[in-house]
Asker: 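I'd like to ask you about the structure that follows.
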Amino acid sequence: MADVSSYLSPSVPLLDVQAMEDARTRWATRAMPPGALGRLQEVAIHLAGIAGVCPPPAPRRPVVVVFAGDHGVVADGASAWPSEITAAMVATVSSGGAAISVFAEAVGAQIVVVDVGVQTPLDPLPGVRTERVADGTASIASEAAMTPDQADAALAVGIRIASEQIDAGADCLIGGDLGIGNTTAAAALIGAFTGRSAQEVTGVGAGVPAGGLDHKRRLVAIAMERAEACTDPFDVLAAVGGLEIAALAGLYITAAEHRVPFIVDGVIAGAALCAADALAPGTAAHAIAGHRSSEPAASVVLDYLGLDPLLDLNLRLGEGTGACLAFPLVKAAALALADMADLPEPGQT
């Protein structure tokens with residue numbers, strides 16, 4: 001039986017209220033009209049609360065961690081694509097040809113790809129770590145996605161890799177995902193945690209499946225019914241989540257514990273953040289929402305957790321792409337608070 005006690009009561013610190021107040025005071029003395037940098041000022045204040053110091057350190061060594069896993073519900077018609085595409089996309093990221101590869105290079109981020117549950121066997125690939133817990137999940141249309149031991153192991157993968165990256169100098173973590181069928185699991189998980197209906201949380205994902213969107217909604221509704229019988233957040237995650245979603249949740253919890261900022265991507269990341277915040281209350285307060293995905297459940301998560309995304313570009317790719325694009329804004333906000341000159345005194349030139 002899995003030992004989940006360390007995830008249910010972790011030591012996620014509160015945001016540092018004094019550091020945030022110091023940041024507000026500092027903004028009031030910068031060489032610009034009050035509030036002239038708009039949302040960027042709030043980002044820097046948030047970063048001060050996360051770090052516990054004002055001005056907060058500007059992140060300079062971002063790491064994108066992309067977790068990959070497959071979903072048994074694909075066999076029930078949840079996706080327009082077969083599960084084999086997940087392995088193909090892992091190889092594409094490894095070769096530098098995926099969107100996240102291009103975006104990470106553009107913002108100076110390192111990429112780590114982690115096979116936590118890809119169904120198709122993978123040959124050794126550059127930049128890809130094998131941490132496979134299982135060959136994909138079971139179908140949430142008929143049974144729990146993961147056993148407790150599998151969910152626990154997937155969480156542990158995310159926790160371990162986040163800790164390793166932070167120890168190696170990463171000062172901002174960006175979580176990404178790869179997994180055909182994962183928008184179905186994410187919708188069910190988000191619906192279960194937020195109380196919203198399958199109709200409200202289910203979108204087209206990577207493409208409308210052969211059975212149509214209504215069929216996908218039925219699969220989500222079936223999974224959500226199973227989640228209703230769960231007695232705690234860990235059981236919900238195991239029942240309707242995914243291996244890569246659990247690993248992302250572990251990454252977020254660990255970043256929050258270490259006061260390292262993390263940027264959340266789209267709907268899969270949002271599902272993981274819901275799980276992380278339920279397992280470790282306070283985790284979401286440390287999150288920076290990178291963008292608003294066009295998947296309906298993504299907006300449900302943002303509203304539920306009270307997050308205001310930095311970008312709205314109609315993205316729905318996943319991989320960590322929207323979160324990666326938001327990184328330069330996060331860095332710029334911290335640099336502006338730290339390096340802008342003092343407001344001149346009246347009469348000074």
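Residue numbers start at 1 and run along the sequence shown. Computed from a predicted structure; not experimentally measured.
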Asker: With sequence neighbours excluded, what pairs up with N182 under the side chain to side chain donor-acceptor pair (under 3.5 Å) test?
Answerer: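 Applying side chain to side chain donor-acceptor pair (under 3.5 Å) to N182 gives D177, E244.
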Asker: Counting distance only, does the side-chain N/O of R259 pair as donor-acceptor with the main-chain N or O of G49 below 3.5 Å?
Answerer: yes
Asker: Under 3.5 Å, side chain of D265 to main-chain N/O of G176, donor-acceptor pair present?
Answerer: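 Not a single qualifying donor-acceptor pair exists.
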Asker: Under 3.5 Å, side chain of R26 to main-chain N/O of L337, donor-acceptor pair present?
Answerer: yes
Asker: Test side chain to side chain contact (heavy atoms under 4.5 Å, CB included) on V43 and L329; report intermediate values, then the result.
Answerer: CA-CA 9 Å; V43 172; L329 297 178; over 6 Å; no
Asker: Sub-3.5 Å donor-acceptor pair from the side chain of T254 to the main-chain atoms of S163, do we have one?
Answerer: no
Asker: Within the side chain of H215, is there an N or O that forms a donor-acceptor pair under 3.5 Å with the backbone of D76?
Answerer: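 A pair under 3.5 Å: yes.
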Asker: Run the side chain to side chain donor-acceptor pair (under 3.5 Å) test against R160 and tell me which residues pass, sequence neighbours left out.
Answerer: E131
Asker: Take I161 and R129 through the test side chain to side chain contact (heavy atoms under 4.5 Å, CB included) and record every step on the way to the result.
Answerer: CA-CA 10 Å; I161 289 178; R129 290 183 53 164; 4.0 Å; yes
Asker: If a pair satisfies side chain to side chain donor-acceptor pair (under 3.5 Å) and one of its residues is in residues 92-120, list it, with sequence neighbours excluded.
Answerer: D115-R132
Asker: Donor-acceptor check, side chain of Y304 to backbone of F193, threshold 3.5 angstrom: yes or no?
Answerer: yes
Asker: Would you mind telling me which of I288, T283, I174 makes a side-chain contact (heavy atoms from CB on, under 4.5 Å) with F262?
Answerer: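 Result for side-chain contact (heavy atoms from CB on, under 4.5 Å) with F262: T283.
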Asker: Under the 3.5 angstrom rule, does the side chain of S293 hit a backbone N or O of A298 as a donor-acceptor pair?
Answerer: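 No: the side chain of S293 does not pair with the backbone of A298.
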Asker: Applying side chain to side chain donor-acceptor pair (under 3.5 Å), can you list everything that pairs with D22, at least two apart in sequence or on another chain?
Answerer: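 Once residues adjacent in sequence are excluded, the partners of D22 under the side chain to side chain donor-acceptor pair (under 3.5 Å) criterion are Q18.
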Asker: Look at the side chain of H71 and the backbone N and O of A145, then say whether any donor-acceptor pair between them is shorter than 3.5 Å.
Answerer: no
Asker: For the residue pair A138 and A144, what are the closest heavy atoms and their distance?
Answerer: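 Residues A138 and A144, closest heavy atoms: CB-O, 3.4 Å.
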Asker: Show your reasoning for whether salt bridge (Lys or Arg N to Asp or Glu O under 4.0 Å) applies to E42 and R39.
Answerer: CA-CA 5 Å; E42 291 302 318; R39 285 283 314 285; over 6 Å; no
Asker: In sequence, state the C-alpha distance, the side-chain angles, and the governing distance for C274 and L189, and then conclude on side chain to side chain contact (heavy atoms under 4.5 Å, CB included).
Answerer: CA-CA 8 Å; C274 280; L189 199 58; 5.9 Å; no
Asker: Could you go through R217 and E200, starting from their C-alpha distance and side-chain angles, then the distance that decides it, and tell me whether this counts as salt bridge (Lys or Arg N to Asp or Glu O under 4.0 Å)?
Answerer: CA-CA 9 Å; R217 286 172 176 152; E200 293 173 288; over 6 Å; no
Asker: Here's a test for you: under side-chain contact (heavy atoms from CB on, under 4.5 Å), which of I180, I85, V204 qualifies with S79?
Answerer: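 In the set I180, I85, V204, the residue that makes a side-chain contact (heavy atoms from CB on, under 4.5 Å) with S79 is I180.
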Asker: Scan residues 328-344 for pairs that pass side chain to side chain donor-acceptor pair (under 3.5 Å), counting only residues two or more places apart or in two chains.
Answerer: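 Counting only pairs at least two positions apart or across chains, the side chain to side chain donor-acceptor pair (under 3.5 Å) contacts touching residues 328-344 are R30-D342.
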Asker: Just wondering, do T183 and I268 contact through their side chains at under 4.5 Å, heavy atoms?
Answerer: yes
Asker: Enumerate the residue pairs fulfilling salt bridge (Lys or Arg N to Asp or Glu O under 4.0 Å) with a member in residues 270-287, sequence neighbours excluded, ordered by first and then second residue.
Answerer: none
Asker: Please confirm whether the backbone N or O of A206 pairs with a side-chain atom of W81, one donor and one acceptor, at under 3.5 Å?
Answerer: yes
Asker: Does any N or O in the side chain of T202 come within less than 3.5 Å of the main-chain N or O of Q199, such that one atom is a donor and the other an acceptor?
Answerer: no
